[in-house]
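The structure appears right after this line, and notes come after that.
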Amino acid sequence: MSSSDISVNGTYNEDHNVYGYTPLRGPNLAALIVFAIAWAGHTGLAVFYRQIWFGTCLFIAVGLETAGYIGRFLSSSDPTILDDFLVQIICLTLGPAFFMAGTYYLLAEIVVVWGVENSRFKPWTYSKIFVSLDLVSIVLQACGGGMAATALVKNKNVDTGTHIMVAGLAFQVLATTLFMGLCFDFYWTRRKRLALGSSSSYVPNLQEIDMPAASDMANVEGPEEYAHIRKSKKAKLFLLALGVSIIFVYVRSVYRVAELSVGWTGYLMTEEGYFLVLDSLMIAIAVWILLPFYPGFFLGNVQLSTEPTTAKSSSASGEDEKV
């Protein structure tokens with residue numbers, strides 16, 4: 001922004017406002033504080049519980065959210081500064097993708113604890129599939145954001161970059177939808193098999209309901225070494241909290257697809273209220289839920305092997321990664 005854009009009394013030229021509004025100082029400062037505290041919390045818990053994949057993903061995700069709100073807070077004083085705008089749009093677009101990369105990994109560990117026999121895939125396959133899909137989403141969003149930012153700086157058409165960003169966000173929504181579907185499939189399959197396996201008055205047709213052989217029924221519930229986790233109420237609360245946090249991120253992703261689809265000057269982009277509720281609040285809740293319901297705490301000292309089909313207790317190996 002040149003000096004000619006500033007009036008004599010120090011106010012900015014509204015014609016150069018790239019937001020279409022002036023970000024509210026109070027709400028964005030509050031969001032900055034909320035995410036900064038959450039970032040510190042997740043970093044500390046990751047170190048304490050020796051989280052590798054999940055901890056790293058949340059470190060990046062919440063760090064990006066914090067950086068994004070630094071940009072928005074600075075923009076509340078002058079929304080014509082392009083660098084602050086670019087920081088917030090890129091960081092706040094990419095942050096949730098890293099959050100989902102962390103949660104995708106947890107499904108593999110959950111499958112091991114609650115019974116591989118109830119899953120359509122080997123545990124490690126879930127991580128490989130969904131982390132790969134998430135990386136595609138991140139690359140598309142980053143490339144699209146970079147192209148849109150470059151075009152914006154040069155006062156050129158931003159449509160190409162915007163369309164790529166929308167594709168990346170839509171791809172993330174599709175991947176998350178598939179992920180939630182497979183999570184429900186695992187839950188429902190396990191519940192059905194346990195219910196039928198414990199019934200003494202009905203002998204099921206194993207082929208029709210995809211039941212395991214009688215010799216494998218003991219494994220449907222999951223490994224005995226993790227029985228104390230499955231039976232604890234806190235583990236069930238953890239699974240519920242994880243599901244709720246994923247839903248909040250999903251709502252935000254759907255909103256961002258709609259927001260960018262209507263364009264940079266559309267009502268969803270130029271009305272901050274939508275953003276504060278459907279982006280800021282959604283991600284803040286998702287991030288903060290997993291502080292009191294942190295995976296490392298709710299799985300105790302159990303360590304799950306990084307091998308596709310095996311799991312080990314902490315006493316068996318000190319080098320395995322925790323959930």
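The first residue in the sequence is number 1, and the count goes up from there.
- Proximity of a side-chain donor or acceptor of Q88 to a complementary backbone N or O of F85 within less than 3.5 Å is detected.
- For the pair R190 and S119, the minimum side-chain heavy-atom distance is 4.5 Å or more.
- Not counting sequence neighbours, D159 has no partner by the salt bridge (Lys or Arg N to Asp or Glu O under 4.0 Å) test.
- A side-chain donor-acceptor contact under 3.5 Å links K236 to the backbone of R230.
- With sequence neighbours excluded, the residues that form a side-chain hydrogen bond (donor to acceptor under 3.5 Å, both in side chains) with T177 are Y250.
- Taken to the nearest 0.5 Å, the CD1 atom of I247 stands 9.5 Å off from the CD1 atom of I289.
- Atom CG of residue L174 and atom CG of residue L169 lie 12.5 Å apart, to the nearest 0.5 angstrom.
- The cationic group of K233 does not satisfy the cation-pi geometry with F238, failing either the under 6.0 Å distance to the six-membered ring centre or the 45° limit from the ring axis.
- Checked against the 6.0 Å centroid criterion, the rings of Y255 and Y274 do not qualify as a close aromatic pair.
- With sequence neighbours left out, W264 forms a side-chain hydrogen bond (donor to acceptor under 3.5 Å, both in side chains) with T162.
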Atom pairs and distances, side-chain donor-acceptor, residues 25-36, under 3.5 Å, sequence neighbours left out:
unit_1	atom_1	unit_2	atom_2	d
R25	NH1	S76	OG	3.3
R25	NH1	S77	OG	2.9
N28	OD1	R72	NE	2.8
N28	ND2	L24	O	2.6
N28	ND2	E272	OE2	2.9

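- Judged as a salt bridge (Lys or Arg N to Asp or Glu O under 4.0 Å), and not counting sequence neighbours, D134 has no contacts.
- Side chain of T103 to main chain of M100: a donor-acceptor pair is present (N/O by atom type, distance under 3.5 Å, no hydrogens or angles).
- Side-chain contact check for S127 versus L107: every heavy-atom pair is 4.5 Å or farther apart.
- Sorted by first and then second residue, the salt bridge (charged side-chain N to carboxylate O under 4.0 Å, His left out) pairs involving residues 247-261 (not counting sequence neighbours) are R252-D279, R256-E259, R256-D279.
- Taking CD1 of I60 as the start and OG1 of T56 as the end, the distance is 6.5 Å to the nearest 0.5 Å.
- Judged as a salt bridge (charged side-chain N to carboxylate O under 4.0 Å, His left out), not a single pair has a partner in residues 167-180 (not counting sequence neighbours).
- The two residues A38 and V287 have their closest heavy-atom pair at CB-CG1, 3.5 Å.
- Ring geometry for W124 versus Y105: interplanar angle over 60°, hence perpendicular rather than tilted (30 to 60°).
- Here the side chains of I164 and M147 are in contact, with some heavy-atom distance below 4.5 Å.
- Proximity of S137 to L133: side-chain heavy atoms (C-beta onward) are nowhere separated by under 4.5 Å.
- A 4.5 Å side-chain heavy-atom check between L106 and F54 finds at least one atom pair inside the cut-off.
- Using a 4.5 Å heavy-atom threshold, the side chains of I246 and T176 count as touching.
- Residue pairs meeting the side chain to side chain donor-acceptor pair (under 3.5 Å) criterion with at least one member in residues 33-47, sequence neighbours excluded, do not occur.
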Next on the checklist: Between T270 and Y19, is the side chain to side chain donor-acceptor pair (under 3.5 Å) condition met? List the steps.
Outcome noted: CA-CA 6 Å; T270 57; Y19 288 89; over 6 Å; no

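- Taking the ring pair (Phe, Tyr, Trp, His ring centres under 6.0 Å) definition, one finds that F130 meets it with Y104, F179, sequence neighbours left out.
- Listed by chain and residue number, nothing satisfies the side-chain hydrogen bond (donor to acceptor under 3.5 Å, both in side chains) test with S245 (two or more places apart in sequence, or in another chain).
- The shortest distance between side-chain heavy atoms of V116 and P123 falls below 4.5 Å.
- Clustering of Ile, Leu, Val, Met, Phe, Trp and Tyr side chains at separations under 4.5 Å places W188 together with F184, Y187.
- In this structure, M165 and A148 approach most closely via the heavy-atom pair SD-CB, 4.4 Å.
- With no hydrogens or angles considered, no side-chain donor-acceptor pair links T93 and Q141 at under 3.5 Å.
- Screening residues 81-94 for salt bridge (charged side-chain N to carboxylate O under 4.0 Å, His left out) gives no qualifying pairs among residues at least two apart or on separate chains.
- Interatomic distance, OG1 of T125 versus CD1 of I129, reported as 6.0 Å (0.5 Å rounding).
- Side chain of D78 to backbone of L74: no donor-acceptor contact under 3.5 angstrom is found.
- The shortest side-chain heavy-atom distance between F98 and L64 falls under the 4.5 Å cut-off.
- Put simply, CG on L58 and CD on Q51 are 9.0 Å apart, with the number rounded to the nearest 0.5 Å.
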